[in-house]
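Because the structure is predicted, anything quoted here is derived from the model rather than measured.
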Amino acid sequence: MSSPWPRRAFFRTAAAAPLAATVGVLTTPPGSAAEASADVEAAGGAGEFSALRAKWRELILGTAFNPAADPFRKLLTSLGADARTFLDAMAPASGSLWPDLVWADPEPDTDAESYAYSASIVTSYNRLNTMAQAYCQPGTGMTGSAEVRKAVLAGLDHVGSEVYNDRTAPYGNWWSWQIGAAQSLMDTCVLLHEHLTPARIDAFCRAVDHFVPERVFDSYTGTSTGANRVDLCRSVVLRGIVGENPDKVALASRALAPVFPYVTSGDGFYADGSFIQHRNVPYIGGYGAVLHDGVGRLMALLRGSSWEIGGPSAQLFLDTIDRAVAPFIYNGLMMDNVSSRGISRAGTSDHSRAHALMASILLVGQGATAEENARWRAMVKGWLRRDYYYPALSNPGLALTRASLLQALQDDDSVKAAPEPVEHRLFHNMARVTHRRRRWAASLSMAAKHIAHYEYGNGEHARGYHTGAGWLSWWGDDFGLEHYSDEFWPTVDPYRLPGITASRKPLPDGAGGNWGQPCPDASWVGGTTDGRFGATGQHLKGLFSTMSAHKSWFWLDDCVVCLGAGIASRDGFAVETTFDNRNLGAKGAPALTIDGTVQPSAQGWTARFEGARWAHIAGQAGYVFPEGTDLTAVREERTGAWHDINVNGPATPVTRRYLTLLTGHGTDPADASYAYVLLPGASAGATARRAAGRGWLKILANNREQQGIRVPALGFTAVNFWAPGTVGEITADAPASVLIRENRDGTATVVVSDPARTASALEVVWNHSVSAVLSKPPTVTSARTGSALGLTFGDLTGRAGAPQKVTVRLA
């Protein structure tokens with residue numbers, strides 16, 4: 001598509017003439033900058049808007065950094081190089097500003113093809129914003145360049161006159177018009193505000209008013225919830241600041257209110273720290289991060305202004321740092337099981353997703369209490385220090401404003417790095433678990449009636465089907481941080497994710513359809529925890545498969561005990577449980593030891609071991625099989641491309657080595673089972689000793705009705721009751737999860753939950769002498785002590801599977 005006039009002439013003409021020359025005669029619309037002057041004075045005057053633009057400029061560009069020092073020198077050089085590339089390639093034509101970004105859709109509608117055309121508008125604005133940042137930032141090689149400034153203004157005029165204006169009907173993705181384009185356009189307007197004519201400002205603001213009408217805030221539903229609501233508010237706040245319209249800023253500030261209270265269904269934050277977007281997808285690492293960044297920036301922007309965001313609701317948002325965000329960041333990475341489609345995007349990783357969020361925490365902390373801010377800064381500094389694989393300040397894609405926040409913290413000797421906490425967290429509203437120790441951490445991903453197996457949309461995450469099938473991810477403090485970052489998702493066998501039980505029934509890419517978000521018909525998913533240890537269970541039902549299983553995990557100090565039972569299928573395909581599937585990188589070949597014998601390290605090797613008692617992968621973990629298992633070990637090189645799992649990814653093949661440990665349950669098993677213990681970071685010797693120590697672990701039950709263990713040395717007993725019954729000393733008269741810890745001070749903690757959310761009444765009996773009940777929740781309607789503890793619970797169906805904790809004194 002050739003340009004209708006010479007490129008340099010376009011820049012000169014568009015920069016010199018008012019925008020009316022290209023878009024027609026402008027009339028001043030209601031609510032425009034020209035008519036808002038009286039309201040501006042009432043809200044604090046034009047000076048307040050000028051101050052807000054200056055503050056937003058700082059939030060875009062960063063502050064107090066040395067442009068000659070790394071990483072800023074490199075980031076600024078890279079910014080300048082990108083801007084130069086965009087400047088040189090800019091070729092305004094009918095339907096595009098760059099030849100590779102055509103927005104002229106021949107058949108405008110809302111199908112997938114139209115998504116690409118609408119996305120070109122956003123990317124065009126983003127490139128202009130990059131050029132504007134290079135113009136404003138020092139050390140880019142384009143600082144203060146008149147050529148760049150004229151090109152940006154000309155580009156804004158061209159996009160505005162052709163497509164992003166109040167005469168265009170939106171097509172493709174709604175997000176492109178209401179959020180992506182609106183935000184990027186307004187950001188650029190802030191950066192170059194002093195160079196914008198009143199006509200330009202009115203035209204650009206009128207375009208935002210057209211695509212983001214005030215009615216988007218009328219109800220908290222559809223695409224105006226959670227992170228999307230925050231983004232819409234940001235679009236309108238900035239439009240108000242650019243156009244100096246206090247009513248717009250006030251409207252958007254008020255419209256944030258529904259984001260803060262915890263929800264009990266649908267999108268948003270829950271009291272247990274869960275975060276859901278798109279109805280049923282755990283998304284703290286995606287939309288949750290966007291929400292935190294958006295709210296954090298808006299709170300920082302409006303702090304001290306006429307529209308400051310505060311009050312009890314804002315404190316609920318601040319509390320989500322500890323409740324929801326921090327539990328999923330480990331040593332500088334954001335756990336993949338809360339990032340959904342994001343894990344399929346080339347050029348990003350669990351580390352890079354954490355980098356931006358860590359900076360957001362620092363920004364949010366500026367509006368928190370002194371105690372909260374100090375705690376969060378110590379926490380973030382610990383993550384910065386311990387990330388040996390991809391430290392945040394080495395990320396070339398990190399925005400300068402975020403890099404400046406993180407570098408300032410890194411250089412602040414008054415802040416001491418906090419260690420990783422020792423805790424267990426159950427997120428029963430999104431079927432996720434985190435288990436953290438000083439030397440390692442693990443997380444579990446499940447699916448349930450209310451939580452999707454996975455999300456496929458926009459051609460992204462095409463093979464994530466089994467990420468909710470009991471995927472058990474884990475990392476060590478000085479090993480394993482690269483596991484999911486190093487080309488894992490395009491190369492891993494999607495039917496053999498660590499920890500899952502799955503049918504080998506082939507599934508098509510995007511099984512379930514675009515935005516299908518299929519959920520299993522499975523209610524009993526969740527567990528119990530006392531805050532340090534935990535018991536988790538999943539009634540697993542396969543995606544588009546007849547395969548079903550009962551899976552349990554019991555979380556201890558140095559290990560996770562994993563049980564499976566009732567594994568059955570009628571698909572005509574084999575069913576497997578993958579104990580682990582380690583990404584060895586491009587050349588890794590760690591020693592594999594099975595029952596004391598080191599196995600071959602050649603790629604392509606596979607072997608089956610009947611009755612194996614233990615296995616060990618050097619530098620990674622140990623695996624103990626308390627009842628023996630038929631173990632299959634596989635060393636293989638797998639090749640794939642990011643394009644295979646995401647239509648936007650490159651088709652360049654990548655290859656990684658894998659070492660897989662699994663057990664096969666055969667084709668169409670009827671009642672198969674497994675039992676293994678995962679010991680992250682254990683040596684071969686420690687693994688062998690644990691395998692030989694018969695008394696430390698007692699498997700009390702492992703069948704389709706109950707699964708439970710006892711660890712005498714810890715005073716730990718836990719049982720998942722899929723059906724009523726008695727296991728060891730514990731009886732439950734309805735499905736439940738029960739965890740008991742006997743403490744050294746003569747007390748015991750009893751935690752009970754109703755993961756299936758079906759118990760209108762529940763009685764749990766612990767056949768152990770108890771002298772008194774020290775504390776209990778309101779759900780306990782009666783408690784008897786003596787030779788046994790009897791707890792009667794009322795209706796638990798409305799508790800959403802939340803643990804109910806009782807403390808007793810032992811007799």
Q) When D187 is tested against each of R297, R234, R57 for salt bridge (Lys or Arg N to Asp or Glu O under 4.0 Å), which residue passes? A) R234
Q: State, without any angle test, whether N173 and S118 hold a side-chain donor-acceptor pair at a distance under 3.5 Å.
A: no
**Q.** Point-to-point distance, once rounded to the nearest 0.5 Å, from SG of C205 to NZ of K248
**A.** 9.5 Å
Q: Might you point out which heavy atoms bring L318 and G367 nearest each other, and give the distance in Å?
A: CD1-O, 4.0 Å
Q. Have T188 and N129 got a donor and an acceptor in their side chains that come within less than 3.5 Å?
A. yes
Q. CG of L76 to CG of L400: how many Å apart, nearest 0.5 Å?
A. 5.0 Å
(Q) D486 vs R656, test: salt bridge (charged side-chain N to carboxylate O under 4.0 Å, His left out). Steps then yes/no. (A) CA-CA 8 Å; D486 186 14; R656 288 297 180 267; 2.9 Å; yes
**Q.** Salt bridge present between R377 and D412 (N-O < 4.0 angstrom)
**A.** yes
Q.
Do Y388 and D478 pair up side chain to side chain, a donor and an acceptor below 3.5 Å, judged on atom types alone?
A. no
Q: Check whether the ring centres of W175 and Y287 lie less than 6.0 Å apart, and answer yes or no.
A: no
Q. Are any of the side-chain nitrogens in D157 or R200 under 4.0 Å away from the carboxylate oxygens of its partner?
A. yes
(Q) I'd like to know if K55 pairs up with E48 as an ion pair, taking the criterion as any Lys NZ or Arg NE/NH1/NH2 lying under 4.0 Å from an Asp or Glu carboxylate oxygen. (A) no
Q: Check whether NZ of the Lys or CZ of the Arg R127 lies under 6.0 Å from the centre of the six-membered ring of W98 and within 45 degrees of that ring's axis.
A: yes
Q) Just by modelled atom types, is the W174 backbone N or O under 3.5 Å from a matching donor or acceptor in the Q178 side chain? A) no
Q) For T320, which residues count as a side-chain hydrogen bond (donor to acceptor under 3.5 Å, both in side chains) partner, sequence neighbours excluded? A) H292
Q: Determine whether the aromatic ring centres of Y283 and F275 lie less than 6.0 Å apart.
A: no
Q | Residue pairs, two or more places apart or on separate chains, that pass ring-ring contact (aromatic ring centres under 6.0 Å, His included) and touch residues 121-157 | A | Y125-Y164
Q: Could you tell me whether the side chains of H461 and N646 share a donor-acceptor contact shorter than 3.5 Å?
A: no
Q) Would Q183 and D231 count as a side chain to side chain donor-acceptor pair (under 3.5 Å) if you check the C-alpha gap in whole Å, the side-chain angles of each, and the deciding distance to 0.1 Å? A) CA-CA 8 Å; Q183 288 188 2; D231 275 338; 3.1 Å; yes
Q | E372-T369 side chain donor-acceptor pair, cut-off 3.5 Å | A | yes
**Q.** N165 and T168: CA distance, side-chain angles, deciding distance, side chain to side chain donor-acceptor pair (under 3.5 Å) verdict
**A.** CA-CA 6 Å; N165 56 59; T168 302; 3.0 Å; yes
(Q) Before you tell me yes or no, could you show the steps for Y117 and V102 under side chain to side chain contact (heavy atoms under 4.5 Å, CB included), namely the whole-Å CA-CA distance, both residues' side-chain angles and the distance that decides it to 0.1 Å? (A) CA-CA 6 Å; Y117 288 106; V102 177; 4.3 Å; yes
Q | Under-4.0 Å salt bridge between D202 and R206 | A | no
Q) Is a side-chain donor-acceptor pair under 3.5 Å present for S339 with D336? A) no
Q: Classify the ring geometry between Y390 and H355 as parallel (under 30°), tilted (30 to 60°) or perpendicular (over 60°).
A: perpendicular
Q. Taking only residues two or more places apart in sequence, or in another chain, which ones meet D411 in a salt bridge (charged side-chain N to carboxylate O under 4.0 Å, His left out)?
A. none
